[in-house]
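Structure, as structure tokens:
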Amino acid sequence: MNSAKKLMNQQNKTGNNANKPGMPASGDRILGDAGQGPGRKPLILGAICVIVVLALCIGVGIQQLKPQRVLAVEGTKMTMDDMMYPIYERESMYLPLNETYQYMMGSSVWDVGYQGDDSSVEAGTNNSDGLKIEIINKETEYEILYQEAEKAGYKVTDDEKKEAEKQADEALKGLSGVQKLKLCISKKNLTSRFEKRIVADRYKKDQQESLNKEVDETSAISGISKKDNRQYDIGYYYVSLSTTDSEGNTKELSKSDKKELADNMKALVKKAAKAKDFSKLIEDESKSDIKYNTGNFTEKSGWTFVSDKNLKKIKALKNNEISEAFIDDSAGYYVFVKMIDNNSTEAYEAECDKAIETAQEAKYDEWYKGIKDSYKVEVNNEIWDEVTIGAVTTGIVTAEDLQAMAEEDSSEAPEE
């Protein structure tokens, strides 16, 4: 552009000099001009100037229209166009919750703490920033796994192609042509994206199964206490000793109301002793303040419906034994219980499964880090820093649009 300005300045200078005193008129002949005349040079320079300016403008225009690279993984480049769908995936998942968060917490769903599953996101990071990190990490992982799968000879199968096409149709369902255009998505590019994901996931699953064999499960669960995780399964009737008005204010019941409820609970205990079905002591729960439910608690966690003193009595119940009515003002409930299983191992087994799964994930993370370190990964922070999750596609596909899509899906679902 500076070169163009110099040429233009020179053209203006030449044109001005032609009209100064002592300079020959533009129509006069000068020795050595080969009969072309001095007016020919400004025309040539002007033409060159126009060509240079046009070339520069076209170059700038092409650069502006060309999608800008955001992520590069070992030679594979991803532009903002490529990142629009993973952004839309997250935003369309959380956007329907935003109104609830605004009402319940006075904060948007994007400003609350990160709710995803990326372990690299630091505690205290808000959801918007956390999801932004998650997107980059996940797109990087998919690309690395896909490239590793290709090296290992993995290819997309015919069934996987059909599945990818099905996923693409589902992702596009309910979107208008304008929305698809603004989201930079089409059936073709989405099908290609899902094919790569499916192959990457299959490769990851195979690697995970192999890595799981290296996990010492006995060591992984060694710190889990069977005693602390002893589980008590119960059926119970309960009633709260307070009410909540339409504005969310809590008010304690009067003494007379409490006495009436206590009498009703004691009457139900007597009825339970002869009933064949403990869960059907109340004929119409919609007309009763007393409700039935099932639940469980562990030795360590306890149960907040009763005081510690009464909880000790509940723990002492034998299987199928029914408790007294606990008129427990300190806990804020009247309760009586039927013990279903006083020594369930469900909670212990769940904790063991969780510990083993955590160890397996750690083994995979270790393996993946070793693979990732061999790849050249570049993030264009100049572009990505300007992205704000929660404000990219939410104006293209609004909460109202998502609600309409959900209602349409619901109406089309076959009746069971």
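- Side-chain contact, D365 with S119: no donor N or O sits under 3.5 Å from an acceptor N or O.
- For the residue pair E141 / N137, no side-chain donor-acceptor distance below 3.5 Å is found, with atom types taken as modelled.
- For the residue pair D111 and N126, no side-chain donor N or O sits within less than 3.5 Å of a side-chain acceptor on the partner.
- Between the side chain of T125 and the backbone N or O of V121, no donor-acceptor pair lies under 3.5 Å.
- Here the side chain of D328 pairs a donor or acceptor atom with the backbone of S307 at under 3.5 angstrom.
- Counted by atom type alone, S301 and T298 present one or more donor-acceptor pairs between their side chains at under 3.5 Å.
- Side-chain contact check for T191 and E165: no donor-acceptor pair (N or O, by modelled atom type) lies under 3.5 Å.
- Side-chain atoms of N229 and Q231 include no donor-acceptor pair closer than 3.5 Å.
- Taking 4.0 Å as the cut-off between side-chain N and carboxylate O, D329 and K258 count as a salt-bridged pair.
- Between the side chains of Y232 and E299, at least one donor N or O lies within less than 3.5 Å of an accepting N or O.
- Side-chain atoms of D284 and S286 form a donor-acceptor pair, as typed in the model, at a separation below 3.5 Å.
- Using a 3.5 Å distance cut-off with no hydrogens or angles, the side chains of E148 and Y154 do not pair a donor with an acceptor.
- Salt bridge E321/K338: absent, no basic N to carboxylate O contact under 4.0 Å.
- Between the side chains of N189 and S192, no donor N or O sits under 3.5 Å from an acceptor N or O.
- In this pair, F336 and Y237 present their aromatic rings parallel. The plane angle is below 30°, not in the 30 to 60° band.
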For this session: Applying ring pair (Phe, Tyr, Trp, His ring centres under 6.0 Å), run through F194 and Y85 and close with a yes or a no.
Result: CA-CA 11 Å; F194 292 140; Y85 182 73; 5.7 Å; yes
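- Taking 4.0 Å as the cut-off between side-chain N and carboxylate O, K369 and E366 do not count as a salt-bridged pair.
- If you look at W303 and Y333, their ring centroids are not closer than 6.0 Å.
- A donor-acceptor pair shorter than 3.5 Å can be found between the side chains of E91 and T393.
- In summary, R230 and E351 do not engage in a salt bridge, as defined by a charged side-chain N under 4.0 Å from a carboxylate O.
- At most 12 non-hydrogen atoms from other residues, nucleotides or ligands lie less than 6.0 angstrom from NZ of K182.
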